[in-house]
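Right, one structure below, let's go through it.
Given the structure is predicted, the values throughout are model-derived calculations rather than measurements. Remember, it's 1-based here, ligands and their atoms both numbered in the order they're listed.
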Amino acid sequence: MAERKRRSVDPAALAMIDVAGDAGIRTAWDRLESQEPQCGFGKLGICCRNCFMGPCRIDPFGDGAMEGICGATAETIVARNLLKHVAAGVAAHSDHGREIVTALALAAEGNSDAYKIRGPRKLRRLADEYGIAQEGRSDEEVAKDLAEFLLAEFGRQDGLLANVARAPEQQKKNWTAAGAAPRGVDREVVTAMHMTNIGVDNDAEHLLLTSARTALADGWGGSMIATDVSDVLFGEPHPLRSRMNLGVIKEDEVNILVHGHEPTLSDVLVAAASDPELVAEAQAVGAKGIGLAGICCTANEILMRHGIPIAGNFLQQELAVMTGAIDVMLVDVQCVFPSVTDLQKCFHTKIISTSPKAKFPGATDIEFHEEHAMETAKRIVRVAIDNYKNRDPALVKIPDVQEKLVAGFTTEVVSDILGGKYRPSYRPLNDGIQTGRLRGVAGVVGCNNPKFPHDESHLAIVKELIRNDVLVLQTGCSAIACGKAGLLSPEAAKAHAGEGIQEICRAVGIPPVLHIGSCVDNTRIFTACAEMVAEGGIGDSFDKLPVAGAAPEWVSEKAIAIGMYFVASGIFVVIGQPLPVKGSPLVEEMLTKSFEEHFGATWAFQSDPIKAAHLMIDHIDRKRADLGLPPPMYRVPYEPKTAEAERVGPGAAGIALTAEADGEPVAAAISGGCRGPAPD
Ligand code: SF4
Ligand code: MSK
């Protein structure tokens, strides 16, 4: 029992872990135990299955084989394996991006009942940027050209990805010098897979620089396109209130849980679940209504655009089904455990798979195609209504745990809120950093991993950062972890943040931790950094900014791609468990040291979240010192290692945040911005 309690720090998850344990249902934590001890060769990255003379493995102690049958060394094998992981992560994100662009093409035809242009401001801004003709043309006509242009980015054969133009000059120079400037998205994935074949590239440094180029094709290509086009198609997010954790599931409603990543179906499901005809059908079977909630990133997508509550993150997918109150769990692609279909033997839940790319034996397959989106969404809602009668009340156990939060911050929203209604701008944010009221900005993102107590590292690292006046931006399951712990509410500033952040949060009514979306929305951090650079005063390239990133409980190959595109773009990244590269000290050294010369940033591996936060703060302080910025304005628990602090007094105050219901927009008092007094 004591061991069970170490599996999570989330009381709702712990309650359901007990339910699972008492019922003898195996979860990811149990399966991890059955896998132990895990394969050391795999952890170190020194096994190779790239051809069938093998598999081969290198002896890490130097007593046995020091090369594969073909002669590949540990360096080659480790670097080649890493490139394969990056390519797989990029492929997943970028294919997601392609699906969204396909839906945009449908919306542009103007006769889809599911897809419309709901973000015309963003559409026009992208058209301006890419030189698409707009005068006298309807949104649909412009969208048609935009979709064609962006689809071509995936298959681009010549030149560089268009979004490379968004990066600062220094980053572009770095990429050119390192041979890491990204070309077409698909081309980079295919080239990476070619290079990792037996007998192709054996040069570890070249393989690592190619990993950077491949990842950049995601960060400035596939994922960035996914984010932009989602805003055009589903609307630009705005701050809104909602709730998180298993307690959002309602016992007296037909419950549908969406899980996976692509908003093309989940967004349409939001409309279908509130269709009066379907609500009446749900009431006719005895339910009060239709409840929709989500898991993982598809949940983040509909949270930030519609305020749909989130039931949990990655490690809660099985636990949610075990509440016994889920009538349908809808899965599409990425991060879905195959084990969820097995739970159908114990609970009435129907698992519905929808993607032609992801079949789940035992699931009900209702294939989703954009052309019939609304029809498919309604059909799925009806399966849930029909299944409601099969619910066994004796098995329903919903932990009464949920937290309020505010989500929906984007690059544009931050500018609108901080700059004020009439003059959107990043100036106040840069001012805050320049004066030391804000020490810096951090992105904390990524998954849950049962090797760490669920959510513990996310919460520890984020709390340590904000109490030291580092503003935190979040995506993915990390954002959900913090939402469940109450850190995404404006009230969290007083309880957890340093004085500088508290002032800013009071002035503009934002939480100290900003939810900026799903995993593909990590690219919003790039566009925000580009705004900070363009605004001036805190560095003219990403590697000079006092910013850092972390993924404390990462799991997915997508997380490796994300970390790699951040590092290659000049942003220092700390991750919890190390990359599988420790079998080659040379490769580890390149990633954690020599990458600085190529990209102005490195990876770091640190499993202790407080030490990881301190690595990030040390980095931020070094960047501040390089820029000649003053030390933090207020006393902070983790003091700068150098420089005497000369602190100045308090600044602006006074906020108004109104809105209580899920999905209701939050009205912040945005007219004054957050300018406080200058330091001297
Ligand atoms: Fe072994 Fe070389 Fe084949 Fe890898 S590529 S399995 S190291 S022979
Ligand atoms: S869902 S990639 S477990 S963050 Fe984007 Fe969560 Fe990681 Fe999947």
Side-chain angles (χ1 to χ4, degrees), residues 28 41 45-59 65-81 84-85 88-90 92-93 96 195-202 207 218 223 226-227 258-263 266 294-301 303-304 310-318 331-337 443-450 452 454-455 457-458 474-484 515-523 549-563 575-576 583-584:
F41 295 99
I46 44 176
C47 55
C48 182
R49 292 182 293 123
N50 284 13
C51 89
F52 294 88
M53 291 192 285
C56 301
R57 58 192 194 182
I58 304 296
D59 189 320
M66 295 309 291
E67 54 195 17
I69 295 163
C70 66
T73 60
E75 280 65 50
T76 299
I77 291 172
V78 167
R80 208 161 51 181
N81 286 344
K84 265 190 196 289
H85 288 311
V90 172
H93 273 158
H96 168 164
M195 286 171 62
T196 56
N197 241 261
I198 177 183
V200 187
D201 196 23
N202 300 301
L207 285 159
D218 180 16
S223 277
T227 294
V258 293
H259 176 20
H261 276 77
E262 291 176 0
S266 58
I295 298 273
C296 283
C297 279
T298 198
N300 281 318
E301 299 273 4
L303 162 74
M304 69 189 303
I310 291 188
N313 48 8
F314 184 60
L315 280 179
Q316 284 174 286
Q317 54 187 291
E318 295 171 292
V331 302
D332 58 11
V333 288
Q334 303 170 22
C335 304
V336 179
F337 285 172
V444 182
V445 307
C447 327
N448 299 128
N449 188 325
F452 296 85
H454 168 235
D455 289 351
S457 294
H458 291 297
Q474 289 215 282
T475 62
C477 291
S478 188
I480 302 174
C482 287
K484 291 184 296 169
H515 180 298
I516 61 165
S518 64
C519 292
V520 293
D521 293 332
N522 282 310
T523 60
E553 300 178 26
W554 73 277
V555 161
S556 170
E557 289 174 311
K558 293 178 292 170
I560 303 184
I562 292 167
I575 57 173
S584 165

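- Of all the atoms in ligand 2, the ones that sit under 4.0 Å from a non-hydrogen atom of Cys296 are 1 (S).
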Starting from the C-alpha separation in whole Å, work towards a yes-or-no answer on side-chain hydrogen bond (donor to acceptor under 3.5 Å, both in side chains) for Thr475 and Asp521.
CA-CA 7 Å; Thr475 62; Asp521 293 332; over 6 Å; no
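- For the ligand labelled ligand 2, residue Gly446 lies inside the 4.0 Å heavy-atom shell.
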Using the side-chain contact (heavy atoms from CB on, under 4.5 Å) rule, take Gln317 and Val336 through it: C-alpha gap first, then chi angles, then the decisive distance, then the call.
CA-CA 8 Å; Gln317 54 187 291; Val336 179; 4.3 Å; yes
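- The part of His261 lying near ligand 2 is the side chain, judged by heavy-atom distances below 4.0 Å.
- Glu301 places no side-chain N or O within 3.5 Å of a backbone atom of Ser518 that could act as its donor or acceptor partner.
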Check step by step if side-chain contact (heavy atoms from CB on, under 4.5 Å) holds for Val444 and Gln474.
CA-CA 5 Å; Val444 182; Gln474 289 215 282; 3.8 Å; yes
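- Close approach of ligand 2 to Phe314 is summarised as follows: ligand atoms under 4.0 Å from at least one heavy atom of the residue are 3 (S).
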Working note: Leu315 + Phe337, criterion side-chain contact (heavy atoms from CB on, under 4.5 Å); need CA distance, chi angles, decisive distance, verdict.
CA-CA 9 Å; Leu315 280 179; Phe337 285 172; 4.1 Å; yes
Quick one, Asn202 with Thr76, criterion side-chain hydrogen bond (donor to acceptor under 3.5 Å, both in side chains). Give me CA distance, side-chain angles, the key distance, then yes/no.
CA-CA 5 Å; Asn202 300 301; Thr76 299; 4.7 Å; no
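- Set against the non-hydrogen atoms of Arg80, the atoms of ligand 1 under 4.0 Å away are 4 (Fe), 5 (S).
- Residue Thr298 is tested with Val331, Val258, Val333 for a side chain to side chain contact (heavy atoms under 4.5 Å, CB included); the sole match is Val258.
- Counting protein heavy atoms only, atom 6 (Fe) of ligand 2 is closest to Cys477 SG, 2.2 Å.
- Counting only heavy atoms from C-beta outward, the side chains of Asn449 and Phe314 never approach each other to under 4.5 Å.
- Near Cys519, meaning under 4.0 Å from one of its heavy atoms, ligand 2 places the atoms 2 (S), 4 (S), 5 (Fe).
- Distance alone, capped at 3.5 Å, places no donor-acceptor pair between the His515 side chain and the Ile480 backbone.
- Not a single donor-acceptor pair under 3.5 Å links the side chain of Glu553 to the backbone N or O of Gly576.
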Using side-chain contact (heavy atoms from CB on, under 4.5 Å), reason through Asn313 and His454 one step at a time and then give a plain yes or no.
CA-CA 10 Å; Asn313 48 8; His454 168 235; 2.8 Å; yes
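- Among Ala299, Ala92, Cys447, the residue whose heavy atom lies nearest to atom 7 (Fe) of ligand 2 is Cys447.
- The distance from ligand 2 to the heavy atoms of Cys297 drops below 4.0 Å at these ligand atoms: 1 (S), 5 (Fe).
- Contact annotation for Cys335 and ligand 2: only side-chain heavy atoms (C-beta onward) come within less than 4.0 Å of the ligand.
- Distances from atom 2 (Fe) of ligand 1 under 2.8 Å pick out these protein N/O/S atoms: Cys70 SG.
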